[in-house]
Amino acid sequence: MASSLHQLLKEEGFEKDKLLKNQPDDSTALPIYICHGRKSSEITEHKDEKTVIRNGSSVFSSFKPKSDEPVIDEAAIKAVISILGGYTGRYLKDESYRAMVKDKCTSCLLSRRKAGSDGGIFMNMELGIESIDKLVEDRGNKKELRMKLLRNSIRLLSIVASLNCEKSRNGSTCGVPHSHLSACAQLYLSIVYKLEKNHRLSARHLLQVFCDSAFLARTHLLPDLWDHFFLPHLLHLKVWYHKELEHLSNLGNALKETKMKALSKLYNDQMDMGTAMFAMYYKEWLKIGAKVPPVPTVPLPSSSSYGSSRRRSSESHASVSSINRNLYQTVFGATTEWQSMELDRRIRTSIDICRLEAEENEFKYENYNQNKKKTHRRSSSSHIHNTPKTELWPETQKSGHFRFFSCQSRPKGCLVNGKIDVRNNSMRKLEHLDLPLSDLSKAIATICSSDVLSDCEIAIRVMTKAWLDSHGDSTIEAALTKAPIIEGVLEVLFASNDDAVMELAILILAEFITRSKVNRQIILNSDPQLEIFLKLLKNSSLFLKAAVLLYLLRPKANQMISTEWIPLSLRVLEFGEHLQTLYTIRCSPQVAALYFLDQLLTGFNEDRNLENACQVVSLGGLNLLMRNVEFGGVLERNKAALIISCCIRADGSCRHYVADKLNKAALIELMVGNCKDSNGSVIALLTELLCLNRRTQMMKFLNELLRGWGGLNAMHILLACLHKAQPEERPLVAALLLQLDLLGDPFRCSVYREEAVEVIIETLDCEKCNEKIQQQSAKALTMLGGRFSYMGEATTESWLLKQAGFHENLEDSFQKKEIGDNFLDEGEEEIENWQKKAAIALLNSGNKRFLAALSNSMAKDIPSLARASLVTIAWMSCFMHLAGDKDFQAMASSILTPRLLESSNPNRVLEERVLATFSLQQIRKSSEYIA
């Protein structure tokens, strides 16, 4: 494959001696784009490596492996386990999903079961499932009981799974193939080990489902997982299959039926084989200490295998690699070398999908959730495919008005500047079509009442043509924007697999939405959980247009509860650079993606928001978001900055990666571009990025920020930002400005320092500031303390407690886990130098007013601000002897001592007493030093 996992991980900054040791090019195939290279210690290892730019990302030049037998890096293994674990994890959280899985396994086993002795196999299966459900539904069971149920489930299911051994693999029990029994048992074993938190073993059992019965797993048990995890490796088979079907569509009926059956069998056999091969491939990955296995090669079948005499120019390159760059680049789009192949699949408008799906699958099960949630028409879509096409309007068809429905109409595609430009022939033909007025009324009647999908698809075409010809005519608009019609169009979107029809439906719905808020609400009410849009966003041809349509609806977070929203939104963000045209509407898909991500990371409760943000980080979203901070409109860039800050709060370790990779000049430019608007998102991001645990990296970041943008002084821009900032933003902007100023001489006054210190003093006034401002003031003081853990949590207080000799007695409330994180000899001198400069600047510029403000905020006893003020006094007292003369020392002592004595009272929290006592000692030492 053209780009290996090694290159992608190296791009993200993995330390090659740790994570990419002995990793060769083209050795691994990871089905998702992953951003794990975030640690500053790892990133700096690659300073001298040459880079090339590809699609806005930096990809490091490859390095030579040291060994012929590479091992799989741990990050890739974790990613695979995480992807697979998402499906088993859903079983534990979602009751409807549990019911669906159980229903699928039951229908699979019982539908073929015949009378006869089963040797207790089915009973073992039922008891095993029952035990698992008890464990899931009652998490409060005693440990001994849970262990008993776990062992019992594993024992019973293992007996069933053992039927797929070499001797009995091809056998059956009561008519049910052993492969089916074993696949179901392996699925539940995966769930058992997920409960036991053995994630690696759980993932291996889930992969074994596809090894035991690939067809059953990919079409019935786990079709979503197969689409996401396996299909990208096998897309060349699907492209080949549909090309062959198109060729066969020109044959006579008798010959066509025979050859189509043979083709369908050949395709399914090859797809099953490829699925099993990749399942075994990833199982090898998950072995402890496993070496990189060889990448499976799944060749295209020969056309002659089913009797085709067609000569194919593509036969010469039929051995297209069965592995894509990774799942991310396949599901989330393709680079240039893959685009020509992907194009054939993306622009399939000529294939009668309804008929082909019935022939492609040997058996079809109705979707459990459809039966539960959808209307009769939507649930009936499972048998729509078996309904033969009828001549809806025979007179019209005879007159040739619907010749553009021919299976032979195909849109043309070309590459423009490396991007795919799809020109839809069906739209062109719509423009030159003359329709009788009676056809529109028939189309409306059909879309509102018919259960025949092919008829409804024709109706979509007729309605779209009428809309195009009307040029906004109010009569046509009134006729088409009725609730039953809009709901009917949505039903077709849900049931159809014809990309051309779905695109027309998207276009006409977009027009309806922009005409009236009522139409928007009809769509949201008809699809409250946006299941139709989830389907559309998974479509490789239409996902960008679908994203724009959904953006026009402005859905809220509570409608986007599926775990699939994050990767689908990142997919749009990755490939939505160019404007999409939906008839009269032009919109950027990236704008839509950022809206979705903003909802997903801020619209739920705190736990769910953090969980979603962590998923963005794990899926590689940081690179995409950082790219969007640099390019695009001001609003979108601000939103990208805000989302990055959410990600950092969720996963503090990624701040080092962002601090190193983010274009600082772009942040300064964005602050300028905001003009009169708030810089809240930029300030929030900068605040997070300055909570770094290594002072050397902090200084590097500040120096890069100081360079400014376009010749403009960064400190002057921040000063202007300070003047127009919202009240709650002012203390943080002041802290940022002061830190930039401290890169210079701390004894030399500047207007920037004076302004910054003045704002900090003002925001410490508890009587004038609200709670939000108080919280931000406390955060500003914490930033000036300069000590943080690797995860970005303040450790100044812990350092002070250690200095006071209290570290040996720290209790859990003092967060012992942080102690020692920041006290390595390496860098300690730099941190002390920073604190010294900060203390001198604050004391000299703020003088009596600053000390009084700190003392007063302690007196008001506002929890967060009072504690932050006490900690600030404590660390500044260590350097107080460097600021001012004897009179200053006396003044400082007179202001601070009474308040510190009050904080030393026995009724105070133990930590406060220690900090206050420590501060008093340091102040006394400073006075003695000056004397």
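- Considering CG of Leu625 and CG of Leu573, their distance stands at 6.0 Å, rounded to 0.5 Å.
- Of the inter-residue distances, the one linking Lys482 atom NZ with Asn519 atom CG reads 10.0 Å to the nearest 0.5 angstrom.
- Nearest heavy atoms, Leu582 versus Ile506: CD2-CG2, 3.9 Å.
- Not counting sequence neighbours, the partners of Asp94 by the side-chain hydrogen bond (donor to acceptor under 3.5 Å, both in side chains) test are Ser96.
- Closest approach of Ser562 and Arg608 over heavy atoms only: O-NH2, 4.1 Å.
- Applying the salt bridge (charged side-chain N to carboxylate O under 4.0 Å, His left out) test to residues at least two apart or on different chains, the pairs with a partner in residues 505-521 are Glu477-Arg515, Glu511-Arg515.
- Legend: salt bridge (charged side-chain N to carboxylate O under 4.0 Å, His left out) pairs involving residues 533-542, not counting sequence neighbours, sorted by first then second residue: Lys538-Glu564.
- At a cut-off of 3.5 Å, with distance as the only test, a side-chain donor of Asp499 or Ser541 sits close to an acceptor on the other residue.
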Would you mind writing out the side-chain donor-acceptor pairs for residues 591-602 within the sub-3.5 Å range, not counting sequence neighbours?
{"unit_1": "Tyr595", "atom_1": "OH", "unit_2": "Arg554", "atom_2": "O", "d": "3.3"}
{"unit_1": "Tyr595", "atom_1": "OH", "unit_2": "Pro555", "atom_2": "O", "d": "2.8"}
{"unit_1": "Gln599", "atom_1": "OE1", "unit_2": "Ala557", "atom_2": "N", "d": "3.0"}
{"unit_1": "Thr602", "atom_1": "OG1", "unit_2": "Asp598", "atom_2": "O", "d": "2.5"}

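- Residues passing the ring-ring contact (aromatic ring centres under 6.0 Å, His included) test with Phe512 are Trp467, sequence neighbours excluded.
- Here side-chain hydrogen bond (donor to acceptor under 3.5 Å, both in side chains) pairs that include residues 632-646, with residues two or more places apart or in two chains, are Arg637-Glu669, Asn638-Asn674, Asn638-Ser681.
- How far CD1 of Ile523 is from CZ of Phe533: 6.0 Å, rounded to the nearest 0.5 Å.
- Using a 4.5 Å heavy-atom threshold, the side chains of Val616 and Leu622 count as separate.
- Taking 4.5 Å as the limit, some side-chain heavy atom of Leu685 sits within range of a side-chain heavy atom of Leu662.
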